[in-house]
Amino acid sequence: MEKKIKVLTVIIFFFIIWGTGTLTLLNWKKEYSEFEKRKLTAFPKVKAEQVFSGKFQEQLNDFLNDHMVLRDQSITVAALASKTMGKKDQNGVYFGSGGYLIEKYDDKDFSKKEIRENVKYLSRFTNMVAENLGAENIRVALIPSKIKVLQNRLPMYATKSRMNDYMKSYLKSKLNDSEVFFDMGEILMKHRNEYIYYKTDHHWTTLGAEYGYEALMDSMGQEKCVVVKEQTVCDNFRGTTYNKIHYSPSKDVIKKSEIESAGKCSLIYDISGEKQAKDCLYDEEALKTEDKYNYFLGGNFGAIHIHTGCTNGKTLVLIKDSFANCMIPYLTFNYENIEVIDLRYLNSSIFDTLNELERIDSVIIMFNEEKFMQDNHLWLLE
């Protein structure tokens, strides 16, 4: 009887391994994971030199990991098990208090050489603009991630990167006028007990952007808009951080602020060199997708020209990443025209875009700190 049980165990084990391998190979044509929001590793090409060097085996292992049957479910179970066993993080995400999922950043995630390169490009461009427009009309506004602001929600012994401080100190040393640098972290720290970051996404919320906008306008000596009312547009948002582990005890709420000047906008998108017109800052269809943060502007594009409901004739150039998308409605109060530029998707020189403008009154450069330090598109400011 005992011998039969051993034989049956071996047979079952064999079929599990064989079945998993077979189903994995049948799934190999899948190129993108909606679950993790990333491209999956392709099956490696078989070349003698790669086989002998071991590179083929490494790529094959990555391929099998990415295409393993029931991979998505396994990620969810692993995260839940880690949380249950009291682990403080899973797959680069800390389990913060209050249901917050907080992206983990260590010093090793950044390169000082890359930081210095990015600061060089940014500071040269900033100094040139300040010389032409005046320091009062340009701001470099850097937004820290949750791990820097919500330290009160981090688990004990969580590691924190010191590269943010290094980057900001180095940037200030390269700017001709310290007035142009605006640290968003200072205002966000004052409101860290409020809902200023999404729990399951890496972006700040509409409330966080509103606080940032008010402080930024104060620093530039400008009047601030009046929010007529707030409206909840989604109450089941789970964002980019959730996608890393597919576990969260709560869902996020997306709100929009009703601002008169934001309701009278016309937009022209430059998509791969072709112009596309829209008449709203918000994309209702995005709320039906997984990427619900794309509700703001419809996502990220190389260049967007926005004509607002403001009538003061002023033009703002906003060079940004996705954090700025939910602040733009507030900025429509201060500028009649906003030229939005995202270097990651720009198809031509930034100066080609700027030279098309009749006038420029202000320039705001707005990046998330961690993403700025890792960005490889800043050379486009040269």
Side-chain angles (χ1 to χ4, degrees), residues 102-103 105-107 109-112 114-130 135-151 160-192 196-198 201-205 207-220 300 316-328 330-331 340-344 350 362-381:
I102 301 175
E103 301 85 355
Y105 287 105
D106 295 320
D107 284 351
D109 294 319
F110 309 99
S111 160
K112 285 190 174 181
E114 188 175 22
I115 290 172
R116 290 193 294 269
E117 280 289 298
N118 286 349
V119 166
K120 178 184 73 173
Y121 297 131
L122 177 60
S123 59
R124 285 179 180 177
F125 179 83
T126 301
N127 290 334
M128 177 192 69
V129 173
E136 69 277 9
N137 293 314
I138 179 171
R139 288 293 180 272
V140 176
L142 298 180
I143 309 159
S145 292
K146 284 184 282 189
I147 194 169
K148 299 297 291 185
V149 177
L150 305 185
Q151 295 189 15
K160 309 177 190 73
S161 172
R162 296 165 294 179
M163 288 298 190
N164 301 62
D165 295 332
Y166 170 80
M167 177 271 293
K168 287 187 283 189
S169 176
Y170 188 66
L171 174 59
K172 290 176 185 177
S173 73
K174 295 298 180 181
L175 294 173
N176 293 338
D177 194 323
S178 60
E179 180 186 354
V180 306
F181 178 78
F182 184 79
D183 189 348
M184 286 284 188
E186 294 179 5
I187 186 64
L188 293 175
M189 283 293 292
K190 294 179 181 178
H191 296 277
R192 65 179 185 175
I196 57 173
Y197 286 96
Y198 292 114
D201 192 79
H202 69 285
H203 293 102
W204 57 0
T205 63
L207 179 61
E210 183 176 347
Y211 285 135
Y213 160 78
E214 292 175 345
L216 184 59
M217 291 300 102
D218 282 342
S219 78
M220 299 177 75
N300 299 301
L316 165 69
V317 173
L318 176 63
I319 302 170
K320 59 86 186 178
D321 63 17
S322 56
F323 267 71
N325 293 5
C326 62
M327 185 191 281
I328 289 174
Y330 301 101
L331 292 168
V340 182
I341 297 174
D342 193 322
L343 299 175
R344 298 169 298 173
I350 188 174
S362 302
V363 174
I364 296 175
I365 302 166
M366 187 177 298
F367 291 108
N368 167 251
E369 290 181 6
E370 286 76 10
K371 296 296 187 286
F372 166 74
M373 290 189 286
Q374 297 173 330
D375 200 301
N376 58 2
H377 298 86
L378 273 297
W379 63 271
L380 290 168
L381 291 174

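These numbers come from the heavy atoms of this one structure, side chains and all, not from hydrogens, waters or symmetry mates.
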**Study point:** Partners passing side-chain contact (heavy atoms from CB on, under 4.5 Å) against A324 (at least two apart in sequence or in another chain)
**Key:**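 Expected list: L318, K320, M366.
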Would a 4.5 Å heavy-atom cut-off, applied to side chains only, mark [X] and [Y] as touching?
{"X": "M167", "Y": "F372", "answer": "yes"}
{"X": "H203", "Y": "C326", "answer": "no"}
{"X": "H191", "Y": "L207", "answer": "no"}

Exercise for review: Could you tell me which residues satisfy side chain to side chain donor-acceptor pair (under 3.5 Å) with T205, sequence neighbours excluded, listed by chain and number?
Suggested key: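 Applying side chain to side chain donor-acceptor pair (under 3.5 Å) to T205 gives none.
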Smallest separation among heavy atoms of [X] and [Y], with atom names:
{"X": "I187", "Y": "M184", "result": "CG2-O, 3.2 Å"}
{"X": "F181", "Y": "D183", "result": "CE2-CB, 3.7 Å"}
{"X": "L150", "Y": "I102", "result": "O-CD1, 4.2 Å"}
{"X": "M163", "Y": "M373", "result": "O-SD, 3.6 Å"}
{"X": "L343", "Y": "L380", "result": "O-CD1, 3.3 Å"}

Side chain of [X], backbone of [Y]: donor and acceptor closer than 3.5 Å?
{"X": "N118", "Y": "D375", "value": "yes"}
{"X": "D107", "Y": "R162", "value": "yes"}
{"X": "S123", "Y": "V119", "value": "yes"}
{"X": "E370", "Y": "S145", "value": "yes"}

Check your understanding: Relative to the ring of F323, is the ring of W204 parallel (under 30°), tilted (30 to 60°) or perpendicular (over 60°)?
Key ->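 Rings of W204 and F323: tilted, as their planes differ by 30° to 60°.
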**Study point:** Y211 six-ring face occupied by K190 cation (under 6.0 Å, within 45°)
**Key:**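 No, cation not above the ring by the 6.0 Å, 45° rule.
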Rounded distance (nearest 0.5 Å) linking atom [atom1] of [X] with atom [atom2] of [Y]:
{"X": "N164", "Y": "I147", "atom1": "CG", "atom2": "CD1", "result": "9.0 Å"}
{"X": "I341", "Y": "I365", "atom1": "CD1", "atom2": "CD1", "result": "10.0 Å"}
{"X": "L216", "Y": "L331", "atom1": "CG", "atom2": "CG", "result": "7.0 Å"}

Among residues at least two apart in sequence or on other chains, which ones pass ring pair (Phe, Tyr, Trp, His ring centres under 6.0 Å) with [X]?
{"X": "Y330", "value": "Y213"}
{"X": "F125", "value": "none"}
{"X": "Y197", "value": "none"}

Check your understanding: Hey, mind stepping through R116 and Y166 against side chain to side chain contact (heavy atoms under 4.5 Å, CB included) and telling me if it holds?
Key -> CA-CA 10 Å; R116 290 193 294 269; Y166 170 80; 3.1 Å; yes
Point to revise | Residue pair E117, L378: steps toward the side chain to side chain contact (heavy atoms under 4.5 Å, CB included) verdict | key: CA-CA 8 Å; E117 280 289 298; L378 273 297; over 6 Å; no
Let me check something: any side-chain donor-acceptor pairs from residues 171-180 under 3.5 Å, sequence neighbours excluded? List them with distances.
unit_1, atom_1, unit_2, atom_2, d
S173, OG, Y170, O, 2.6
D177, OD1, E179, N, 2.9
E179, OE2, R139, NH2, 3.4

Review point. With distance as the sole criterion, is a donor-acceptor pair present between the side chains of S161 and D106 under 3.5 Å?
Key: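 The answer is no; no qualifying pair exists.
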Check your understanding: Among K168, K148, Q374, which residue meets the side-chain hydrogen bond (donor to acceptor under 3.5 Å, both in side chains) test with E369?
Key ->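 When K168, K148, Q374 are each tested with E369, the side-chain hydrogen bond (donor to acceptor under 3.5 Å, both in side chains) holds only for K168.
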